[in-house]
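Just the heavy atoms: all of them, side chains too, but no hydrogens, waters or symmetry mates, feed the values below. Fair warning: this is a prediction, and the values are worked out from it, not measured in the lab.
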Amino acid sequence: QVQLAESGGGLVQGGGSLRLSCAASGRTFSRAAMAWFRQAPGREREFVAAVSGLESNTAYAEFVKGRFTISRDGAKNTVSLQMNSLTPDDTAVYYCAATLSLTHTPYRTRANYEHWGQGTQVTVSS
């Protein structure tokens, strides 16, 4: 059974940094396309960043460009999200997602991912 487990969330002051990690188990995710989404209270779950399974191409939501970096460690079946210059608008539950479809494309759409973690809370104070 495929499982994704996020960690690294917490409370941070505005301008601070956090590093989220997602550990995959149950299958080999070394070439899986993986992504981070987030959902703030009362809002739809939205795309944050993604990395493709082939060539590790990356994509970012416009609102995180230059602040967040997605990376993967295929040998460890993990994907990380380094978040810098956080603002209160970044407060949300962050979800890790994965698809085993081989692709060069870092998918931005929820429907492309069949595996999801339970989420980790990120709270940024002003």
Side-chain angles (χ1 to χ4, degrees):
Q1 184 176 356
V2 173
Q3 287 190 322
L4 301 177
E6 302 97 335
S7 62
L11 173 64
V12 64
Q13 282 192 329
S17 299
L18 280 175
R19 185 177 181 87
L20 306 183
S21 292
C22 174
S25 61
R27 291 287 299 273
T28 299
F29 282 80
S30 60
R31 296 200 295 173
M34 302 187 75
W36 289 94
F37 289 75
R38 70 185 188 185
Q39 188 168 17
R43 300 188 64 176
E44 294 288 320
R45 192 171 300 187
E46 62 182 354
F47 169 76
V48 175
V51 57
S52 67
L54 301 178
E55 298 185 347
S56 292
N57 296 315
T58 58
Y60 295 92
E62 195 63 35
F63 55 78
V64 303
K65 279 186 178 179
R67 300 190 299 128
F68 293 10
T69 303
I70 189 170
S71 60
R72 67 186 303 146
D73 184 335
K76 296 181 179 180
N77 269 4
T78 61
V79 64
S80 298
L81 185 69
Q82 177 66 43
M83 306 187 295
N84 299 325
S85 302
L86 287 162
T87 74
D89 288 341
D90 296 314
T91 295
V93 178
Y94 284 71
Y95 295 91
C96 175
T99 175
L100 297 177
S101 299
L102 294 179
T103 176
H104 293 86
T105 303
Y107 296 127
R108 297 171 176 260
T109 306
R110 291 168 54 185
N112 288 116
Y113 297 94
E114 63 266 23
H115 303 291
W116 291 83
Q118 294 299 307
T120 185
Q121 176 70 47
V122 171
T123 303
V124 185
S125 63
S126 57

How about Phe68 and Asp90: do any of their side-chain heavy atoms sit closer than 4.5 Å?
yes
At what distance, to the nearest 0.5 angstrom, does CG of Asn77 lie from CD of Gln3?
12.5 Å
Ser52 vs Thr105 side-chain heavy atoms within contact, under 4.5 Å:
no
Side-chain heavy atoms under 4.5 angstrom apart, residues restricted to Ile, Leu, Val, Met, Phe, Trp, Tyr: same cluster for Val51 and Leu100?
yes
Can you see which heavy atom on Ala49 is nearest to which on Tyr60, and at what distance?
CB-CD2, 3.6 Å
For Tyr107 and Tyr113, take the angle between the two ring planes, folded into 0 to 90°, and tell me which bin it lands in: parallel under 30, tilted 30 to 60, perpendicular over 60.
perpendicular
Contact between Gln82 and Ser71 at the side-chain level, heavy atoms closer than 4.5 Å - yes or no?
no
Taking all non-hydrogen atoms of both residues into account, name the closest pair between Leu4 and Cys22 and its distance.
CB-SG, 4.0 Å
Between Thr99 and Glu114, do the side chains contain an N or O donor and an N or O acceptor separated by less than 3.5 Å?
yes
Would you give the length of the straight line joining atom CG of Leu18 to atom OG1 of Thr120, rounded to the nearest 0.5 angstrom?
8.5 Å
Identify the heavy atoms of Ala35 and Ala50 that sit nearest to each other, and give their distance.
CB-CB, 3.7 Å
About how many Å separate CG of Leu11 and CD of Gln121, when rounded to the nearest 0.5 Å?
9.5 Å
If hydrophobic clusters are built by linking Ile, Leu, Val, Met, Phe, Trp and Tyr wherever their side-chain heavy atoms come under 4.5 Å apart, do Leu81 and Val124 end up in the same one?
yes
Can you confirm whether Trp36 sits close enough to Glu6 that some side-chain heavy atom of one is under 4.5 Å from a side-chain heavy atom of the other?
yes
With rounding to the nearest 0.5 angstrom, report the OG to CE distance, Ser80 to Met34.
9.5 Å
Which value, rounded to the nearest 0.5 Å, describes the distance between Arg19 atom CZ and Asn84 atom CG?
9.5 Å
Arg45, CZ atom: more than 12 neighbouring heavy atoms under 6.0 Å:
yes
Given 3.5 Å as the limit, does a donor-acceptor pair link the side chain of Arg108 with the main chain of Val48, or not?
no
Could you pull out all residues at least two apart from Glu46 that satisfy side-chain hydrogen bond (donor to acceptor under 3.5 Å, both in side chains)?
Arg38
Any donor-acceptor pair under 3.5 Å from Asn57 side chain to His104 backbone:
yes
Nearest heavy-atom pair of Leu20 and Tyr94: which atoms, and what distance?
CD1-CB, 3.5 Å
Hey, does Tyr95 have a side-chain heavy atom less than 4.5 Å from the side chain of Arg110?
no
Interatomic distance, Gln118 atom CD to Cys96 atom SG [nearest 0.5 angstrom]
11.5 Å
When every non-hydrogen atom of Val12 is compared with those of Leu86, the smallest separation belongs to CG1-CD1, 3.6 Å
